[in-house]
Amino acid sequence: MGTDDDPGGPDGAPERTGHVAWILVGRAQVRGRLQPVEIAIDDDGIIAALGRDLRGGPRHDVGDSVILPAATDLHVHLREPGGPRDVETLASGTIQAALGGVGLVGDMPNTIPPVTDSDGVEEKARRVPGRAAVDVLLYALPVRPRALARLAETAGGFKVYLSPTTGVEEVPASVEVPGLLARLAELGLPVSVHAEDPSRFRTDLPDRGLADWNARRPAAAELAAVASLGEAPPSLRLHVAHVTTGTVADRLRAAGVSFEATPHHLLLSERSGDSSYRKVNPPLRSEADRAALWARFRRGEVPCLASDHAPHSLDTKDRPFDLAPSGMPGVETMLPLMLARVRASELELGTLVAAASDRPSRWVGQPRGRLAVGHRADLLVVDFRARTRLEARRLHAPCGWTAFEGWEAIFPREHYLRGERIVEDGQYIGRSVGEVVRPEYARSHPPARTRTGARP
Ligand code: NCD
Ligand code: ZN
Ligand code: ZN
């Protein structure tokens, strides 16, 4: 994958002169090939040098295990504030991220109360120090026009819901959307859109299982919503959340718009049973849609992988299908599921790293997601022989279930955040050193980049 010529991110990092704190020795993919590599990490947790026979600090040799940049998951719901706290908290959600190899999460604003002004962002940000296991970017909901300018100085991104979904009842009328997007384009932050057009929902149809859910919120509603985004100003840093079909993926790719696909839409379909545990928005699609999305992901045509980690309690999911909430947990299992697909030779490692780490990090203006001098030493150590089968009781989601029970997975053995070990032997050992981050390009409010920055 030729990602090095992508103009969308913080490149041209300065030469590092800092003191080398330690050196990680193992194998890594360099120029498309797995080979022995040494990574020198400085006192600030930044990659100071990459090469062979490096000197200057103690060495940690992981043998033939593979070193990867940690993932950035642009789409999680940590449910804080408002809870319910037995389902998820900032602490429990970010520990799952750490164990799943995710070093930065984008936390969605559909909490109780929703994040609609800078007080809301600051209230969330205050919870992070000492409690977050990994870094957090905070999205805000642009519902109050007068709050937008200050929000753009405190939030890490905006989330626009074009249709109701869990925790979101009010959405802008379709006539208001172009004006909203034009205003957001001026503010420069990345904007993630939940793209379903509710006027295409078929609420008259039955609601008893996954195929019904797919018929009620059809792919046509997603396509119509994406088509309506075609009028957005080209300077808007537009990203479409949880894309489910090849048709929508092709359209966004042709327009140079960033988007993400989730493991559940890539691996599961409406045929995976009628359990409300797999009820999600947008719905799981037909097996043909799933296969088409997966084919594009394998070809490197899906810019970003994101979990849409959206836990709900066993109690609420156990309700009859029509009464159960939509959403499933996934931040702990996203990368491990895909690493198992790499091991099974169904996916190339470089394609996965580009979608899970490099592009999402660039998208939110973070110097991480690649093994490169000047990038943060947010690193994973993966032993591809260490295959396991997912079991909810051995995962760390307080909600206590996974839609991927029994699926093959490979968990990172070690995870480093800014050069500091937070996972050892697959166990979380961190000190909750996660921080709130914002896009580096937002600091000085330069004009937004063109959308093609997202191009694979
Ligand atoms: C999400 C949730 O539960 O917060 N649910 C879902 O089905 N994906 C909201 C969302 O992302 O639409
Ligand atoms: Zn959504
Ligand atoms: Zn979501």
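All ligand and atom numbering here is 1-based and tracks the order in the structure. Being a predicted model, the structure only gives us computed values, none of them experimental.
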Can you figure out which of Glu196, Arg79, Lys279, His264 has its heavy atom closest to atom 3 (O) of ligand 1?
-> Arg79
Check each of Arg359, His239, Arg237 against Ser258 using the side-chain hydrogen bond (donor to acceptor under 3.5 Å, both in side chains) test, and report the only one that passes.
-> His239
Within-2.8 Å protein N/O/S contacts of the Zn ion (ligand 3) = His75 NE2, His77 NE2, Asp308 OD1
CG/Leu205 to CZ/Arg217 distance, rounded to the nearest 0.5 angstrom?
-> 13.5 Å
Charged N to carboxylate O below 4.0 Å: is that the case for Arg418 and Glu420?
-> no
Determine yes or no for a side-chain-to-main-chain donor-acceptor pair under 3.5 angstrom, with His415 supplying the side chain and Ala98 the backbone.
-> yes
Consider every N or O of Ala310 and every N or O of ligand 1, then say whether any pair is closer than 3.5 Å.
-> no
Report yes or no: do Thr245 and Asp289 form a side-chain donor-acceptor pair below 3.5 Å?
-> no
Determine, using heavy atoms of Met108 and all atoms of ligand 1, whether some pair is separated by less than 4.0 Å.
-> no
To the nearest 0.1 Å, how far is atom 9 (C) of ligand 1 from its closest protein heavy atom, and which atom is that?
-> Thr165 OG1, 3.6 Å
For residues Thr262 and Asp308, is any side-chain donor paired with an opposing acceptor at under 3.5 Å?
-> no
Under 3.5 Å, is there a donor-acceptor pair between the side chain of Asp212 and the main chain of Arg208?
-> yes
Any N/O pair Asn110/ligand 1 closer than 3.5 Å = yes
Proximity to ligand 1 by part of His75, non-hydrogen separation under 4.0 Å | side chain
Protein contact to atom 7 (O) of ligand 1 [nearest heavy atom, distance to 0.1 Å] | Asn281 N, 2.8 Å
Within the side chain of Arg343, is there an N or O that forms a donor-acceptor pair under 3.5 Å with the backbone of Phe384?
-> yes
Best match, Asp308, Val168, Thr111: closest heavy atom to atom 8 (N) of ligand 1 = Asp308
Nitrogen or oxygen atoms of Lys159 and ligand 1 under 3.5 Å apart = no
Tested for side-chain hydrogen bond (donor to acceptor under 3.5 Å, both in side chains) against Thr244, the lone hit among Glu222, His264, His265 is Glu222
List the steps and the verdict of side-chain contact (heavy atoms from CB on, under 4.5 Å) for Phe411 and Leu339.
-> CA-CA 8 Å; Phe411 285 86; Leu339 290 171; over 6 Å; no
Should you measure from each heavy atom of His312, which atoms of ligand 1 turn up under 4.0 Å away?
-> 3 (O)
Are His77 and His309 near enough that their ring centres are under 6.0 Å apart?
-> no
With a cut-off of 4.0 Å, which atoms of ligand 1 are near a heavy atom of Ser326?
-> 3 (O), 5 (N), 6 (C), 7 (O)
Any idea which atoms of ligand 1 are less than 4.0 Å away from a heavy-atom of Val280?
-> 7 (O), 8 (N)
Report yes or no: does Arg290 contribute a side-chain atom to a donor-acceptor pair with the main-chain N or O of Leu266 at less than 3.5 Å?
-> yes
